[in-house]
Amino acid sequence: MIRSELVQILAAENPDLSLRDIEALVTTFFDEITKRLAVGGRVELRGFGAFSTRARDARTGRNPRTGELVDVDAKRVPYFKPGKEMRARLNV
């Protein structure tokens, strides 16, 4: 599912809300998750899962086209851990 599909489903299920309001809601939801992760926080949605970040150390990588060695900086990457209810639904 992509973002526009999510907006369309929410619009169909909530005819009393305008498409603009639903788009604003979805945008705010994702922006707030992103902001919290950017400052090293964690976002937990009960029954769904938890978003957090994990640190990756600096390393030496390889350019796949040329085979040349390149330095890759340390960074944080997003991580999602599904909740207990989600895992149960996926493994019925």
Side-chain angles (χ1 to χ4, degrees):
M1 174 182 293
I2 59 174
R3 183 186 193 116
S4 60
E5 290 173 337
L6 175 62
V7 169
Q8 291 301 320
I9 290 170
L10 290 173
E13 292 180 2
N14 298 284
D16 53 320
L17 296 175
S18 72
L19 192 58
R20 180 174 287 155
D21 290 340
I22 293 172
E23 287 174 353
L25 177 75
V26 170
T27 298
T28 301
F29 180 76
F30 289 130
D31 287 348
E32 289 302 315
I33 290 174
T34 303
K35 285 179 194 174
R36 178 62 63 150
L37 294 177
V39 297
R42 179 172 190 244
V43 177
E44 182 177 335
L45 304 171
R46 299 275 176 179
F48 183 73
F51 297 91
S52 61
T53 59
R54 291 203 170 165
R56 292 232 176 122
D57 294 331
R59 62 184 174 84
T60 301
R62 188 175 298 274
N63 182 328
R65 286 190 181 179
T66 64
E68 177 185 354
L69 294 177
V70 293
D71 291 329
V72 179
D73 295 333
K75 59 186 168 187
R76 291 186 334 201
V77 294
Y79 175 75
F80 176 74
K81 180 178 179 186
K84 186 176 180 180
E85 287 181 35
M86 179 183 278
R87 284 194 307 269
R89 283 182 165 190
L90 294 175
N91 295 303
V92 173

**Q** Would you confirm whether N14, through its side chain, and L10, through its main-chain N or O, come within 3.5 Å as a donor-acceptor pair?
**A**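 Yes, N14 side chain to L10 backbone: donor-acceptor pair under 3.5 Å.
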
**Q** Can you find a heavy atom in the side chain of R3 that is under 4.5 Å from one in the side chain of V26?
**A**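 In contact.
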
**Q** For the residue pair T53 / R42, report whether a side-chain donor-acceptor contact shorter than 3.5 Å exists.
**A**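 No - no donor-acceptor pair under 3.5 Å links their side chains.
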
**Q** Spell out, yes or no, whether V7 and I2 are grouped together once hydrophobic residues are joined by side-chain heavy atoms under 4.5 Å, including indirect joins.
**A**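 Different clusters: V7 never reaches I2 through Ile, Leu, Val, Met, Phe, Trp or Tyr contacts under 4.5 Å.
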
**Q** Would the number of heavy atoms belonging to other residues, nucleotides or ligands and lying under 6.0 Å from CD of E85 be above 12?
**A**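 No, CD of E85 has 12 or fewer neighbouring heavy atoms, counting only those of other groups under 6.0 Å.
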
**Q** So, the side chain of N63 versus the backbone of R65: is there a donor-acceptor pair under 3.5 Å, distance only?
**A**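 Side chain of N63 to backbone of R65, a donor-acceptor pair under 3.5 Å: yes, one is there.
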
**Q** In the single-linkage hydrophobic clustering (I, L, V, M, F, W, Y; side-chain heavy atoms under 4.5 Å), do L90 and F48 co-cluster?
**A**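 Yes; tracing contacts between hydrophobic side chains, which count when under 4.5 Å, links both residues.
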
**Q** Ignoring hydrogens and angles, tell me if any N or O in the side chain of E32 forms a donor-acceptor pair with the backbone of F29 under 3.5 Å.
**A**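 Judged by distance alone, no pair lies under 3.5 Å.
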
**Q** Are L25 and L45 connected, step by step, through hydrophobic side chains (Ile, Leu, Val, Met, Phe, Trp, Tyr) whose heavy atoms are closer than 4.5 Å?
**A**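 Shared cluster, no.
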
**Q** Grab the two heavy atoms, one from A11 and one from I22, that are nearest each other, plus how far apart they are.
**A**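 Distance-wise, the nearest heavy atoms are CA-CD1, 3.2 Å.
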
**Q** Measure from the side-chain N and O atoms of R56 to the backbone N and O of R76, and report whether any donor-acceptor pair falls under 3.5 Å.
**A**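 No.
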
**Q** Shortest non-hydrogen contact from F51 to F80?
**A**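 Smallest interatomic distance, heavy atoms only, reads CE2-CD1, 3.6 Å.
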
**Q** If you measure from CG on L6 to CE on M1, what distance do you get to the nearest 0.5 Å?
**A**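 The CE atom of M1 is 6.0 Å from CG of L6, to the nearest 0.5 Å.
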
**Q** Side chains of D31 and T34 only: does a donor on one sit below 3.5 Å from an acceptor on the other?
**A**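 No, because no side-chain N or O of D31 sits under 3.5 Å from a partner of the opposite role on T34.
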
**Q** Nearest 0.5 Å please: distance from the CG atom of D16 over to the CG atom of D21.
**A**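 It is 9.5 Å, given to the nearest 0.5 Å.
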
**Q** Is L37 reachable from F30 through a run of I, L, V, M, F, W or Y residues, each pair having side-chain heavy atoms under 4.5 Å apart?
**A**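 Same cluster.
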
**Q** Could you tell me the separation between the CZ atom of R59 and the NZ atom of K75, rounded to the nearest 0.5 Å?
**A**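 Result: 6.5 Å between the selected atoms.
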
**Q** Crowded around R87 CZ? As in, over 12 foreign heavy atoms under 6.0 Å?
**A**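 More than 12 within 6.0 Å, yes.
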
